[in-house]
Number of protein chains: 2
Amino acid sequence: MTMAEDQARFLRCVGEPTRLEIVRLLAKGERCVGELTSVLNKEQSLISHHLKALKECNIVKERQEAQKVYYKLTNAGLARLIVDCEALMKELSLCKCQEVNYERKANQKSGKR
Amino acid sequence: MTMAEDQARFLRCVGEPTRLEIVRLLAKGERCVGELTSVLNKEQSLISHHLKALKECNIVKERQEAQKVYYKLTNAGLARLIVDCEALMKELSLCKCQEVNYERKANQKSGKR
DNA sequence: CGTTTATATGAATCATAATTCATATATATT
DNA sequence: AATATATATGAATTATGATTCATATAAACG
């Protein structure tokens with residue numbers, strides 16, 4: 001397991017829309033599974049699976065209280081990383097990837113390179 | 001396309017071991033496809049495919065010189081992000097995810113929860 | 001021009017990951 | 001104990017992505 005592989009595993013884990021939304025929610029504070037499920041409007045089992053994946057990458061940890069299980073980020077640095085990443089994307093116009101790509105394809109068809 | 005989806009797409013793109021290694025190499029400076037191919041010891045077409053994926057996320061850009069095509073990062077902030085991420089992973093012992101997971105599985109089998 | 005060198009592309013295959021569904025577990029409540 | 005509530009799990013299915021292979025393109029060079 002190289003550093004690049006470890007790091008890639010981590011990035012892939014966060015790089016899933018639902019998991020990223022979970023992380024962004026948890027960045028604001030602890031949430032139980034039910035809250036996450038209803039806020040994200042996804043199947044409960046799906047949220048559970050994603051939480052498991054996040055836990056296996058040490059991104060979140062749990063705390064049980066009665067029947068409920070509360071999750072939170074293992075470290076505030078994670079939230080900061082997401083924010084930094086977001087800022088970078090804005091700087092680079094990395095959002096709206098789609099439109100950019102469509103332009104590219106159009107150029108290629110009309111003869112560049 | 002929500003912000004989370006855009007950001008996830010970006011993270012997923014970098015979250016592939018070979019692509020991450022490409023990014024780490026390009027963080028040190030421009031490289032042509034041939035160099036990347038031989039340094040990473042992968043098929044040329046594979047490197048091309050990965051470069052295309054990185055380009056589609058605006059992570060790299062190209063410059064042609066004679067037959068060769070040189071790639072570099074679109075922005076130095078990308079390199080910084082990778083470094084920050086690496087630092088965070090070390091802080092959290094997120095490297096060696098695997099061993100941690102094996103322990104967990106062992107615990108689970110022997111009856112926890 | 002024909003050949004070599006460098007890179008890109010598309011289709012096919014293979015691997016991995018996401019999602020759903022049914023069900024299990026665990027706590028609380030009556 | 002029986003039931004309700006909250007979460008987790010595993011197997012099955014489906015979708016997505018990585019890799020390979022064959023081939024195309026494009027520049028340089030004889």
Side-chain angles (χ1 to χ4, degrees), chain A residues 4-5 8-22 26 30-57 60-72 97 101 104-105 107-113, chain B residues 4-5 8-22 30-57 60-72 97-98 101 104-105 107-113:
Chain A
E5 281 170 330
R9 177 192 305 277
F10 167 76
L11 291 167
R12 239 189 350 270
C13 188
V14 187
E16 199 283 329
T18 304
R19 283 197 294 266
L20 183 57
E21 297 212 71
I22 291 174
L26 297 185
E30 206 179 48
R31 291 283 159 86
C32 73
V33 179
E35 289 171 325
L36 292 170
T37 300
S38 65
V39 170
L40 297 175
N41 193 34
K42 297 272 158 71
E43 292 234 348
Q44 177 270 318
S45 64
L46 181 59
I47 299 298
S48 255
H49 281 304
H50 282 313
L51 285 167
K52 189 183 185 187
L54 289 167
K55 197 169 62 174
E56 281 172 357
C57 272
V60 302
K61 62 185 169 189
E62 2 126 54
R63 167 180 78 81
Q64 182 152 13
E65 188 179 310
Q67 302 125 301
K68 299 194 177 174
V69 178
Y70 288 86
Y71 281 85
K72 64 175 166 185
C97 265
N101 293 342
R104 283 239 175 92
K105 270 178 193 155
N107 284 343
Q108 284 172 355
K109 263 187 191 160
S110 62
K112 283 209 174 169
R113 297 211 90 221
Chain B
E5 280 170 330
R9 176 192 306 278
F10 166 77
L11 291 167
R12 243 190 345 272
C13 188
V14 186
E16 199 284 328
T18 303
R19 283 196 294 265
L20 184 58
E21 298 213 71
I22 292 174
E30 206 179 48
R31 291 283 159 86
C32 73
V33 179
E35 289 172 324
L36 293 170
T37 300
S38 65
V39 169
L40 297 176
N41 193 34
K42 298 271 157 75
E43 292 232 347
Q44 177 271 319
S45 64
L46 181 59
I47 299 298
S48 254
H49 282 303
H50 282 312
L51 286 168
K52 189 184 185 188
L54 289 167
K55 197 170 63 175
E56 282 173 356
C57 273
V60 303
K61 60 185 170 188
E62 2 130 50
R63 167 180 78 81
Q64 182 152 11
E65 189 179 310
Q67 301 126 301
K68 298 193 178 174
V69 178
Y70 289 86
Y71 281 86
K72 65 175 165 186
C97 266
Q98 291 238 298
N101 292 341
R104 285 241 174 91
K105 270 176 195 156
N107 284 343
Q108 283 173 355
K109 262 186 192 159
S110 62
K112 283 208 175 170
R113 299 213 95 219

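A note on names: the letters A, B, ... follow the listed sequences, proteins ahead of strands, and every chain is numbered from 1. These numbers were taken from a predicted model, which means no experiment stands behind them.
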Can you tell me the distance, in whole Å, between the [atom1] atom of [X] and the [atom2] atom of [N]?
X: B:Glu62; N: D:dA27; atom1: CD; atom2: C1'; answer: 15 Å
X: B:Lys52; N: D:dA18; atom1: NZ; atom2: C1'; answer: 14 Å
X: B:Arg9; N: D:dG17; atom1: CZ; atom2: C1'; answer: 13 Å
X: A:Gln64; N: C:dT25; atom1: CD; atom2: P; answer: 15 Å
X: B:Ile47; N: D:dT19; atom1: CD1; atom2: P; answer: 9 Å
X: B:Tyr71; N: C:dA6; atom1: OH; atom2: P; answer: 15 Å
X: A:Glu56; N: C:dA17; atom1: CD; atom2: P; answer: 11 Å
X: A:Leu54; N: C:dA17; atom1: CG; atom2: P; answer: 14 Å

Rounded to the nearest 0.5 Å, how far apart are CD1 of A:Ile22 and CG of A:Leu40? 6.0 Å
To the nearest 0.5 Å, what is the distance between CG on B:Leu20 and CD on A:Glu5? 10.0 Å
At under 4.0 Å, does any side-chain N or O of A:Arg19 touch on OP1 or OP2 of C:dA17? no
Assert: residue with more 5' nearest nucleotide on DNA chain C, out of A:Cys13 and A:Glu65, is A:Cys13
Which residue, B:Ser48 or A:Ala66, contacts DNA chain C at a nucleotide closer to its 5' end, judged by nearest heavy atom? B:Ser48
Looking only at heavy atoms, which two atoms of A:Leu11 and B:Gly15 are closest? And how far apart? CB-CA, 3.7 Å
Here the pair of heavy atoms bringing B:Cys57 nearest to B:Phe10 is SG-CA, 4.5 Å
Which atom pairs link the protein and nucleotides 19-23 of chain C when you take only N or O atoms and keep those under 3.5 Å?
{"residue": "C:dT19", "atom": "OP2", "partner": "A:His50", "partner atom": "NE2", "Å": "2.9"}
{"residue": "C:dT20", "atom": "O4", "partner": "A:His49", "partner atom": "NE2", "Å": "3.2"}
{"residue": "C:dC21", "atom": "OP2", "partner": "A:Glu43", "partner atom": "OE2", "Å": "3.4"}
{"residue": "C:dC21", "atom": "N4", "partner": "A:Ser45", "partner atom": "OG", "Å": "3.0"}

How would you list, by chain and number, every residue that makes a side-chain contact (heavy atoms from CB on, under 4.5 Å) with A:Arg12, sequence neighbours excluded? A:Ala8, A:Arg9, B:Pro17
By side-chain contact (heavy atoms from CB on, under 4.5 Å) - contacts of A:Leu46 (at least two apart): A:Lys42, A:Glu43, A:His50
Atom pairs, protein N/O to nucleotides 3-5 of chain C N/O, distance under 3.5 Å:
none

Students often get this wrong, so: under 4.0 angstrom with heavy atoms, is B:Tyr70 touching a base, only sugar-phosphate, or nothing? nothing
Polar side-chain atom of B:Gln64 near backbone of B:Ala66 as donor-acceptor pair, under 3.5 Å: yes
Take A:Leu51 and A:Leu36 through the test side-chain contact (heavy atoms from CB on, under 4.5 Å) and record every step on the way to the result. CA-CA 10 Å; A:Leu51 285 167; A:Leu36 292 170; 4.0 Å; yes
Scan residues 30-41 of chain A for pairs that pass side chain to side chain donor-acceptor pair (under 3.5 Å), counting only residues two or more places apart or in two chains. A:Glu30-A:Arg63
